[in-house]
Amino acid sequence: MKEYDVTITETLEKTVSMKADSKEEAEEKVRQGYYNSEYVLDADNFTEVDFKTDDGQEISQEESRLDVLLVKPGKFPIPYQVGSELEDLQAAVGGDIEEVYLDDEDAGIICNGQGKNIGLPLNRALRDANGQIYDILSGDFLVVGLGEENYCSLTPDQMEKYEKHFHFPETFVKMGRSILALQVREEMPENSAKEKLTDVKRAQQSPVSL
């Protein structure tokens, strides 16, 4: 894939009648009038538009990849490189992506938008400012940087911040109408993380939306 610069040139044109003793004098009078804003060209003076495209530059593989944090159920977070295309992000989380905002305006979470519906193992709890659980993420998710228009790499400080934030795996236990999230100080086997889903899956009466 290449990146191309396309230059758009619009041409505006206006004819001014000027009395003068010579062609040069007439042009000079109009020139001075133009720079003194006596003659202003606008959309009514538009005559044509032209597009010119350069030969483009190859986009290197490194430029198209993002440095993010990958968080798997039952596992410690790890630095991870992922492609910036939609298909790459979908492959990383195993399906259609959903974006979840964090307290940092420059970072967010990309997860599987159908994770709970298709039975992916519960991963990490999301908590409000008071420490109360308001949602639980299912399946693998990415912590990514948020640029002005697209996703971008995490800064080293963001990488460290969210590695600490999501460092410990969590297991979930349904207690009445509530769900309790317990930190696990070591990584859990793959099948263990899936088994933990059984007690809390489809907890429709819980105040926590799964």
Hits for side chain to side chain contact (heavy atoms under 4.5 Å, CB included) against L126, two or more places apart or cross-chain, chain-then-number order -> V100, I109, Y134, D135, L137, F166
The side-chain hydrogen bond (donor to acceptor under 3.5 Å, both in side chains) partners of E149 (sequence neighbours excluded) come to none
The reported gap from OH in Y151 to CG in L142 (rounded to nearest 0.5 angstrom) is 10.0 Å
For residues 21-30, the side-chain hydrogen bond (donor to acceptor under 3.5 Å, both in side chains) pairs (sequence neighbours left out) are E25-K29, E27-R31, E28-Q32
Residue pair V143, L154: steps toward the side-chain contact (heavy atoms from CB on, under 4.5 Å) verdict: CA-CA 8 Å; V143 184; L154 292 173; 4.3 Å; yes
dist D5:CG -> K52:NZ (nearest 0.5 Å) comes out at 14.5 Å
Closest heavy-atom pair, A107 versus Q158, reported as atoms and distance to 0.1 Å, is CB-NE2, 3.9 Å
So CG of L12 and CG of D42: to nearest 0.5 Å the spacing works out to 8.0 Å
One should read off an interatomic distance between Q132 CD and S178 OG, to the nearest 0.5 angstrom, of 9.0 Å
NZ of K75 to CG of D140, rounded to nearest 0.5 Å, is 11.0 Å
message = Any non-hydrogen side-chain atom of L120 less than 4.5 Å from a side-chain atom of N112?
response = yes
Open item on the list: Take a 6.0 Å sphere around CG of N36 and say whether it holds more than 12 heavy atoms from other residues, nucleotides or ligands.
Closed with: yes
Closer than 3.5 angstrom, by distance alone: can the side chain of N123 be matched with the main-chain N or O of G139 as a donor-acceptor pair? yes
Nearest heavy-atom approach of V49 to F46 is N-CZ, 3.7 Å
#### Entry: Between D67 and Q81: side-chain donor-acceptor atoms closer than 3.5 Å
yes
Here the gap from N45 atom CG to E13 atom CD, rounded to the nearest 0.5 Å, amounts to 9.0 Å
I'd like to check Q90 versus D96 (side-chain heavy atoms, cut-off strictly below 4.5 Å). Are they in contact? yes
Those residues at least two apart in sequence (or on a different chain) that pass side-chain hydrogen bond (donor to acceptor under 3.5 Å, both in side chains) with Q183 are R185
For R124 and G74 the tightest heavy-atom approach is NH1-N, 4.1 Å
_Between F172 and I136, does the side-chain contact (heavy atoms from CB on, under 4.5 Å) criterion hold? Intermediate values first, please._
CA-CA 9 Å; F172 302 90; I136 299 174; 3.7 Å; yes
Across all chains, not counting sequence neighbours, the side-chain hydrogen bond (donor to acceptor under 3.5 Å, both in side chains) partners of K19 are none
Result for side chain to side chain contact (heavy atoms under 4.5 Å, CB included) between V71 and one of Y80, F141, Y162, F76 points to F141
Nearest heavy-atom approach of S138 to L122 is OG-CD2, 3.2 Å
Here the ring pair (Phe, Tyr, Trp, His ring centres under 6.0 Å) pairs for residues 20-42, sequence neighbours left out, are none
Joint cluster assignment, F168 & L182, ILVMFWY side-chain distance < 4.5 Å: no
In short, A181 meets I133 closest at the heavy-atom pair CB-CD1, 3.7 Å
| query | Mind checking whether E105 and L146 have side chains closer than 4.5 Å, heavy atoms only? | reply | no
Closest heavy-atom pair, G147 versus C152, reported as atoms and distance to 0.1 Å, is N-SG, 3.6 Å
Fill in: Common cluster, V40/M18, ILVMFWY with side-chain heavy-atom separation under 4.5 Å
no
- Message: Any carboxylate oxygen within less than 4.0 angstrom of a Lys/Arg side-chain nitrogen, looking at E170 and K72?
- Response: no
